[in-house]
Number of protein chains: 2
Amino acid sequence: MKSNKKIRHEARAKIIKAMAHPSRLFIIEELSKRECCVSELTEMVGADTSTVSKHLSVLKNAGLVTDEKRANSIFYRLRCPCIMDFVRCVEDVLSANAKDNVRILRFCKK
Amino acid sequence: MKSNKKIRHEARAKIIKAMAHPSRLFIIEELSKRECCVSELTEMVGADTSTVSKHLSVLKNAGLVTDEKRANSIFYRLRCPCIMDFVRCVEDVLSANAKDNVRILRFCKK
DNA sequence: ATCTTATTTGGCAATATAGCCAAATAGCCA
DNA sequence: TGGCTATTTGGCTATATTGCCAAATAAGAT
C-alpha cells in the first residue's frame, strides 16, 4: 500500500475506530437527538462516570463531537450529523445478514 | 442502557469494528472497484498472506464481504456497496477536523 | 475561603487485536 | 495418485482497549 494511501486509511480508521464501541454508538445516537452533559449520558449508558468520560474523550479526539461548558456542566453534541447516515448504512448490512440467515435456516429445514 | 438497545448497538459495533482498521478499509475500497482474490489483495496491502486472510475473515464474519471460489482462487467482493457512502461521511469529519486545525493555527499566529 | 457538584485523569487487571511464522487444508492439474 | 498453488488455521508475542476505583481538578454556591 502506498504511503499516501496508508496515511489516508489510517486517518479514516481512527474515526471509525472511535465509533466502534456499543456505548459510543449509543452516545452518538443520543447526541444526534439532542446535546447532553456527561452526567446525563452516564445515567443513560449505565456505566461509571469515568468510563463515560473516557468514551467522550475518544469521540472528541476523533472530531466526532464537540463540547461546551455551560452552567456547571459540560455539554456534548455531534459535530457532523451525517454520522447517522452511516449508522443507517450499517443497518443495511445487518438486515442483509439477517436475510441470509433466514435463507440458510430455510435450507437446513429442507 | 436497555437490553434491546444494548443488543442493537452491539450488532452495529461489530460491523463498524470490522471496518476500523487501515488495511481493512483499504481492502473495502479496492473491493468497491472490483472483486479481488486473496493473493491480489495480499500484493496490494503488502502484508503476509495469513494476515490478509484474517482481515478478510473479519470482514466476511461481519457480513461486509462475500467470497466465491472460482478456478483455483477465492474471490471476494463487497456485499453492500453503500459502505462507500459511509466512507464519504468519514471524509466529511476529516475535513471538518482539518478546517478546525487551520482555524486554530491562524489563532496561534495572531 | 470552603463546600459541593461535575468532570477528568492515573493506575491497574482483564480482555481483545494485530501480525508474523509455520503448519494444515483444499482443490486443480499432470 | 502425487505435486502444486491458493488460502486458512494455530500459535505466539507485542500492543491496544476496556472499565472500574480512587484521586485530582474545575468552577459554582454558601
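Atom set for the values below is all heavy atoms of this structure, side chains included, hydrogens, waters and symmetry mates excluded. Per chain, numbering begins at 1; letters A, B, ... match sequence-line order.
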Heavy-atom side-chain proximity of Val52(A) to Ser23(A) below 4.5 angstrom: no

Who is the Watson-Crick or G-U wobble partner of dA1(C), with both distances under 3.5 Å? dT30(D)

Within this structure, what is the [atom1]-to-[atom2] distance between [X] and [N], rounded to whole angstrom?
| X | N | atom1 | atom2 | value |
| --- | --- | --- | --- | --- |
| Met19(A) | dT18(D) | CE | P | 14 Å |
| Leu25(A) | dT18(D) | CG | C1' | 15 Å |
| Asn61(B) | dT9(D) | CG | P | 11 Å |
| Asp67(B) | dA6(D) | CG | P | 17 Å |
| Lys14(A) | dA16(D) | NZ | P | 14 Å |
| Ile74(B) | dC28(C) | CD1 | C1' | 13 Å |
| His9(A) | dA18(C) | NE2 | C1' | 18 Å |
| Arg24(A) | dG19(D) | CZ | C1' | 12 Å |

Among residues 29-60 of chain B, which contact DNA chain D at a heavy-atom distance under 4.0 Å? Cys37(B), Val38(B), Ser39(B), Thr49(B), Ser50(B), Ser53(B), Lys54(B)

What's Arg70(A) touching, base or sugar-phosphate or nothing? Going by heavy atoms closer than 4.0 Å. nothing

Quick one: label Phe75(A) by what it contacts on the DNA or RNA (base, sugar-phosphate, nothing), any heavy atom closer than 4.0 Å. nothing

I need the [X] [atom1] to [Y] [atom2] distance, nearest 0.5 Å.
| X | Y | atom1 | atom2 | answer |
| --- | --- | --- | --- | --- |
| Ile15(B) | Ile83(B) | CD1 | CD1 | 7.5 Å |
| Ile16(B) | Arg24(A) | CD1 | CZ | 10.5 Å |
| Cys36(A) | Tyr76(A) | SG | OH | 12.0 Å |

Tell me whether the count of non-hydrogen atoms from other residues, nucleotides or ligands lying under 6.0 Å of CD in Glu91(B) goes above 12. yes

Tell me if the CD atom of Glu10(A) is crowded by more than 12 foreign heavy atoms within 6.0 Å. yes

Would you call the rings of His21(B) and His55(B) parallel, tilted or perpendicular if under 30° counts as parallel and over 60° as perpendicular? tilted

Just to confirm, is there a sub-4.0 Å distance from OP1 or OP2 of dA6(C) to any side-chain nitrogen or oxygen of Tyr76(A)? no

Assign each of Ala20(B) and Lys69(B) to its nearest nucleotide of DNA chain C by heavy atoms, then name whichever residue's nucleotide is nearer the 5' end. Ala20(B)

